[in-house]
There are 2 protein chains.
Amino acid sequence: MTTPKPATIHDIARLAGVSSATVSRVLSNSGYPVSAKLREKILRTAKEVHYVPNLLGKQLKTNINTTIGVIVPSITNPFYSSVLLGIEETARKNNYNVLLCNSMHDPVLEETYLRTTFEKQIRGLILSSITEDKKAIQDYIRMGQRIIAIDQKIDDAGISQVEFDYHKGGLLATRHLIANGHRRIAFVTAPLDRPSRIGIHSGYLEAMREAGLELLVKETARDHKYDGIYEFENGKALTSMLLEEEDKPTAVFACNDMTAFGVIHQLDASGFRVPDDISVIGFDGIDFGEIVRPALTTIKQPNAEMGRLACSMLMEAMQSDGFEPVHLLLQPKLIERQSVAPIAIEA
Amino acid sequence: MTTPKPATIHDIARLAGVSSATVSRVLSNSGYPVSAKLREKILRTAKEVHYVPNLLGKQLKTNINTTIGVIVPSITNPFYSSVLLGIEETARKNNYNVLLCNSMHDPVLEETYLRTTFEKQIRGLILSSITEDKKAIQDYIRMGQRIIAIDQKIDDAGISQVEFDYHKGGLLATRHLIANGHRRIAFVTAPLDRPSRIGIHSGYLEAMREAGLELLVKETARDHKYDGIYEFENGKALTSMLLEEEDKPTAVFACNDMTAFGVIHQLDASGFRVPDDISVIGFDGIDFGEIVRPALTTIKQPNAEMGRLACSMLMEAMQSDGFEPVHLLLQPKLIERQSVAPIAIEA
DNA sequence: ATGAAAGCGCTAACAT
DNA sequence: ATGTTAGCGCTTTCAT
C-alpha cells in the first residue's frame, strides 16, 4: 500500500486557479486580506484534497518551533510524571508539544538529548539535570536554547529555575518530629550529591541544632544509582544499618517517599511497628503515600504546579529576546497522615 | 542577548572554499567519496564554527522523520510509564525520539494529537486509544501514518497491535483463587467498556463457569473517569458495595492493581484482614505491589517489554512499504505474594 | 487584493 | 572526486 503524496498549497493553488501565496494566506490564518470569494474557494478545495499542513515547511521558513523538550531522570518516578503532566497541560494550552527525554540518570545520555533536541531546532527545554558539570548546558544556552531548570538547580548559570524550598521542607519535617516529642531522630538519604537532598539535609541539620539534638544520618554510598523500586530497596538497606545502632532512633526522616516506604517495610520486617514504636516521615507527597498502610506522613511539593509554572516561564522566555533569569521557590507543606505519632512515654 | 545565527553548510562551504554539496556529503556521513584532504578541512571548519546540523532542513528534503509519537491516556498511571520507558529505550537505539501525548482519557484530545503529530510529519505512532470510534484512526492510516496499537486493541482495522492476553490473565487469577479453596469470588472492575477489562472479565467468567461457581461482579458506572488515585478510590467504593452483600465473598479479584489497593484499604477499614479474612488479587504487576502491605498477589504483564516490542514493530512498519498487520499476544504471569491465602476451614 | 519569486537548510540527481 | 542545481512545503517581501 503506497500512500499518495499529500496535497500541498501548490496543488490547492493549481486546482483553485490562484497563487500559492494566496492559499498560504488563507490557510495559515495570517489575517492578510483575501477576497471572500477566493477564500471560500480555497477553503473548499483544501477540504476536498484533505489538505494537512506540513509544519516542517512552515518551521523551516519561520524558524518557529512548537515543540519543547523535557529532560528528566526517569518518568518511572511518580514525582516526575506528575511534573510532566503539568508541563504538557500548559504546553498544550499554548499549542506546544512535548518531546520526552528520560536521561536514565546517565550524564552522557543527558548530553545526547541536549544535542538532538537542539538539532531538531527545539528552542525550549525544561531540564532536571543530573550532571555535575554544567558546561554543556551553558554551551547550548549560548547558542540560543532556552532552558528552565526544575527540581535540580543549576548554580553557576544565569538560568531560570523553579524548585522547591527543600531546606524549608527539611526543617518542617524535622520540627514536626520534634514537636511530637522525638529527640532521637535519624535522617536516611540517598547520596547527598544533589541540591535537593543537600537542601533537605541542611533543613534537618538546622532543626536538630536549634533543638540541641544529636545528629544521626545514614547516607547511601555515592556510586549507587537509585530510582523507582531501588529507592525502596535503598530505604530498606539504610534502615537495616540504622537498627544496628546502640541508641536506636524513635523517628526516621526519609529523603523521599519511596525511600520512606522502604524504611517502613524494613521496620515492619524487623518487628517494629509504625508509628507505635518508630515514627516515619517522608518527603514528596506522591499519591501512593495515601495508599500505603500506615498512610505516610510527608512533606508535599506541588508537583504538577511545578510543571505548569516551569512551562509558563519557558513560554515567556521563548517569546522575549532578552532574558532576566527568574528563580521560583515553591513552598512545601506538611501532610499529616498516620506514620508519625507522639513519642511513647517510657515508664 | 540576541543569539548569532547558527552556521549552515553554506557557511562552511564558503569558509573551506568548497561546494555545499561536498560539505553535506561529509557532514551527513553519506559514505559518498570525498578526498581525505577536503574531508579533513571541512570537519575542521565545521568544528570551528560550532556547526550543528538543522534536522528540519534534512527532514524536509528526505521526508524522513526521526520522531515517533506515543499517545496514552495518562502517564500518571505507572503501567503506562513503564511501557513508555520501554518504547523510548528501543526508539533511542534506533536514533528516534518520542513525542509524548497524554490524551487524559479525552477522545477529542486524542484526535487532536492524531492530527498535530501528522502535521509535524511524524509517521509512526504508538497508541493506546480510548475512543470507541476508530474512524479518525483509519483516516490517518490511509494517509500514511503507521500505527501500532497497544493495550487497547483496535478491532476493525488492519492495524498491528501488541496486547496482553487479558482473557488468559483473568483465567489465571480466578483459577488461583479457586485453587486456594475459594468459592465465593467477586470481580470488581472499572467500566467494562474497554477490550482489556472485557478480556479479564471473560477470563473470570470462564474460570467460574468451569468450576460451577456463582458470579459476583461489581462494575463502576460507565460515566466515571478513573485514573491514578481515582482507581484507588474506585476500589474502595466498589468494596463498600460488596460488603453489603448477604453472602460476602472470601476473595476479591480486582481489574487492576490500583483498584486492588483500594479494595484492601476498604477491607482493612471495615475490619476485614487481608488475606486472613478475605483474599485479594490484582492485575498489572506494578512495582508498588511489592511495597504495599500485604504485598499484592497479582497477574504480571511485561510492561516495558510491551513498549519495546511495540516500538520494534513500529520501526519495521516504518521501513517497509507494504504492511501486513501483526498481532502480538503477550502472556501474563501469576506473581504470588501475600494477599491471597487458602480459605480458612470454617469449623 | 493578488501574484511572482526568493529563500529557510538540507540532499540528491546530474554534470564534469 | 567535486560542483551545479533543483526542490522538499512553506511564508513573505516586493510588485502590480
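Since the model is a prediction, treat every value here as computed from it, not as a measurement.
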Roughly, in whole Å, what's the span from [atom1] in [X] to [atom2] in [N]?
X	N	atom1	atom2	answer
B:N63	D:dG9	CG	C1'	10 Å
A:N29	D:dC10	CG	P	14 Å
B:I12	C:dT11	CD1	P	11 Å
A:R14	D:dC10	CZ	P	13 Å
A:Y51	D:dG9	OH	C1'	7 Å
B:K120	D:dG9	NZ	P	19 Å
A:N65	D:dC10	CG	P	16 Å
B:H10	C:dG7	NE2	P	11 Å

Presence of [X] side-chain N/O under 4.0 Å of [N] phosphate oxygens OP1/OP2:
X	N	answer
A:T22	C:dG3	yes
B:K61	D:dG9	no
A:Y32	D:dT13	no
B:K58	C:dG9	no
B:T8	C:dG9	no

Any cation-pi pair here, B:R146 with B:Y140, using under 6.0 Å and within 45°?
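So B:R146 doesn't make the cation-pi contact.
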
The side chain of [X] lies closest to which of these nucleotides: [options]?
X	options	result
B:N54	D:dG3, C:dC10, D:dG9	C:dC10
A:S28	D:dT11, D:dC8, D:dC10	D:dT11
B:S35	D:dG9, D:dA1, D:dG3	D:dA1
B:L60	D:dT12, C:dC8, D:dG9	D:dG9
A:R25	D:dG3, D:dA1, C:dG3	C:dG3

Are A:N102 and B:E88 close enough that a side-chain donor and a side-chain acceptor fall under 3.5 Å?
yes

May I ask you to say what [X] touches in the nucleic acid, namely base, sugar-phosphate or nothing, with a heavy-atom cut-off under 4.0 Å?
X	result
B:S30	nothing
B:K37	nothing
A:L56	nothing
B:S24	base

For the NZ atom on B:K41, are there more than 12 heavy atoms of other groups (residues, nucleotides or ligands in this structure) within a distance under 6.0 Å?
no

Below 4.0 angstrom, N of the basic side chain to O of the carboxylate: do A:R92 and A:E89 qualify?
no

Answer whether the closest heavy-atom distance between the side chains of A:R194 and A:D151 falls below 4.5 Å.
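Yes. Closest side-chain heavy atoms under 4.5 Å.
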
Look at the side chain of B:E110 and the backbone N and O of B:S129, then say whether any donor-acceptor pair between them is shorter than 3.5 Å.
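Absent.
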
Quick one: on DNA chain D, does B:G17 or A:L27 contact a more 5' nucleotide (nearest heavy atom)?
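Per heavy-atom nearest nucleotide, the more 5' residue is B:G17.
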
